[in-house]
2 protein chains.
Amino acid sequence: MSQRNIAGTDQLTAATETDDCPLPEVLALIGGKWSAQVLVELGRGPRRFTQLERAIEGISRRMLTLSLRDLERSGLVTRTVYPDAPPRVEYATTALIDEIREPLEALSAWARHAAPAITAARQAFDEGRREA
Amino acid sequence: MSQRNIAGTDQLTAATETDDCPLPEVLALIGGKWSAQVLVELGRGPRRFTQLERAIEGISRRMLTLSLRDLERSGLVTRTVYPDAPPRVEYATTALIDEIREPLEALSAWARHAAPAITAARQAFDEGRREA
DNA sequence: CAGCATCCGGGTCGATACTG
DNA sequence: CAGTATCGACCCGGATGCTG
């Protein structure tokens with residue numbers, strides 16, 4: 001909390017003091033290996049299945065399907081089938097996501113900015129272990 | 001980031017358009033089953049090993065050790081041993097965490113606020129599947 | 001095109017027992 | 001008190017092959 005705003009402390013207290021903090025559930029939902037990337041990609045606009053598959057790089061059909069199903073089931077993503085031939089399915093984000101996008105991006109920004117420090121810390125830690 | 005600043009859109013674009021978005025790495029670090037809760041608990045102040053073990057509820061010694069090691073290795077947590085008998089070890093957060101606390105709390109706030117909608121969506125989805 | 005079914009290897013996690 | 005060591009169950013996730 002670099003710029004500790006006035007109301008920030010209350011927020012912090014609220015989020016920190018409740019013991020039924022549902023953070024684990026969110027992380028279970030978007031903390032999977034691919035869910036976050038699917039969300040990010042869909043945040044750029046509606047996408048078709050194969051579009052996502054190509055955009056995400058490294059994801060398998062299976063995992064993409066599972067991730068999409070989970071997100072759809074949880075109401076974060078909609079799935080619309082157009083009765084065309086060949087079949088066409090479009091995925092899009094729901095309003096629920098609009099409110100999580102900012103925190104997610106803040107997290108992503110932190111990741112970019114903290115990455116060097118983390119890498120350095122790990123190297124230092126590992127070297128310390130080796131000479132011990 | 002409750003107060004959406006003017007540059008917010010740029011942040012969004014920056015976080016969304018880069019393809020080397022390191023979100024997965026962050027999630028790998030704090031997305032584990034226990035790491036987030038450890039961070040939250042340590043956010044309340046320095047804690048000893050057994051204190052954490054009792055506070056977190058359901059965590060095993062093994063998982064607590066592994067989580068703490070990973071966080072320590074990544075520079076998010078410090079571990080200080082006091083040469084006492086009986087042994088005494090204290091864990092605390094580092095400055096790196098101060099900057100991730102806000103996003104984490106925003107996420108937690110979203111979780112609390114979105115939980116009902118998510119639960120409802122899941123029930124609706126599951127019922128739809130059953131009658132199909 | 002957009003999936004589902006199946007198999008299978010590896011890593012995660014919990015339980016338990018032991019140590020400085 | 002603050003861990004480590006070992007074992008085993010489980011689940012995630014990749015590879016492959018088959019459908020409407």
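Each chain gets a letter, A, B and so on, in the order the sequences are listed, and its residues count up from 1.
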Choosing from D:dG3, C:dG3, C:dG14, which nucleotide comes nearest the side chain of A:Val89?
C:dG3
Please check if B:Leu68 and B:Val81 belong to a single hydrophobic cluster, counting links between Ile, Leu, Val, Met, Phe, Trp and Tyr side chain heavy atoms closer than 4.5 Å.
yes
With respect to the side chain of B:Thr65, which nucleotide from C:dC13, D:dG14, D:dT4 is positioned closest?
D:dT4
What's the shortest heavy-atom distance between A:Leu96 and B:Ala114, and which atoms?
CD2-CB, 3.8 Å
Side-chain contact test, heavy atoms from C-beta onward, threshold under 4.5 Å: evaluate it for A:Leu107 versus B:Ile100 and give yes or no.
yes
Value in whole Å for how far the C1' atom of D:dA2 lies from OH of B:Tyr82
15 Å
Nucleotide C:dT6, atom P - distance to CG of A:Leu66 in whole Å:
14 Å
Considering all heavy atoms of both residues, which atom of B:Arg88 and which atom of B:Glu90 are nearest to each other, and what is their separation?
NH2-OE2, 4.0 Å
Please work out if B:Tyr91 contacts a base, only the sugar-phosphate, or nothing of the nucleic acid, heavy-atom cut-off 4.0 Å.
sugar-phosphate
Side-chain contact check for A:Trp34: nearest option of D:dG14, C:dA2, D:dC1 is D:dG14
Would you mind reading off the distance between A:Arg47 atom CZ and C:dA2 atom C1', rounded to a whole angstrom?
17 Å
Describe the nucleic acid contact of A:Arg48 in one word from base, sugar-phosphate, nothing, applying a heavy-atom distance below 4.0 Å.
sugar-phosphate
Evaluation steps, side chain to side chain donor-acceptor pair (under 3.5 Å), between B:Arg112 and B:Ser108:
CA-CA 6 Å; B:Arg112 267 195 306 284; B:Ser108 177; 3.2 Å; yes
Between A:Pro86 and A:Arg62, just flag the one whose closest nucleotide in DNA chain C comes earlier from the 5' side.
A:Pro86
Nearest heavy atom decides the nucleotide; on that basis, is A:Pro87 or A:Gly32 closer to the 5' end of DNA chain D?
A:Gly32
Rounded to whole Å, CG of A:Leu68 lies from C1' of C:dC4 at a distance of 14 Å
Rounding to an integer number of Å, can you tell me how far A:Met63 CE sits from C:dA2 C1'?
16 Å
Tell me whether the side-chain N/O atoms of A:Ser60 come closer than 4.0 Å to OP1 or OP2 in D:dG13.
no
Using atom CZ of A:Arg79 as one end and atom C1' of C:dG3 as the other, report the distance to the nearest whole Å.
8 Å
B:Leu64 atom CG is separated from C:dA15 atom P, nearest whole Å, by 14 Å
Just how far, in rounded Å, is C1' of D:dG3 from CD of B:Glu53?
10 Å
Quick one: which of D:dA2, C:dG14, C:dG3 gets closest to the side chain of A:Arg61?
C:dG3
Between D:dA2, C:dG14, D:dG14, which nucleotide has the shortest distance from any of its atoms to the side chain of B:Arg88?
D:dA2
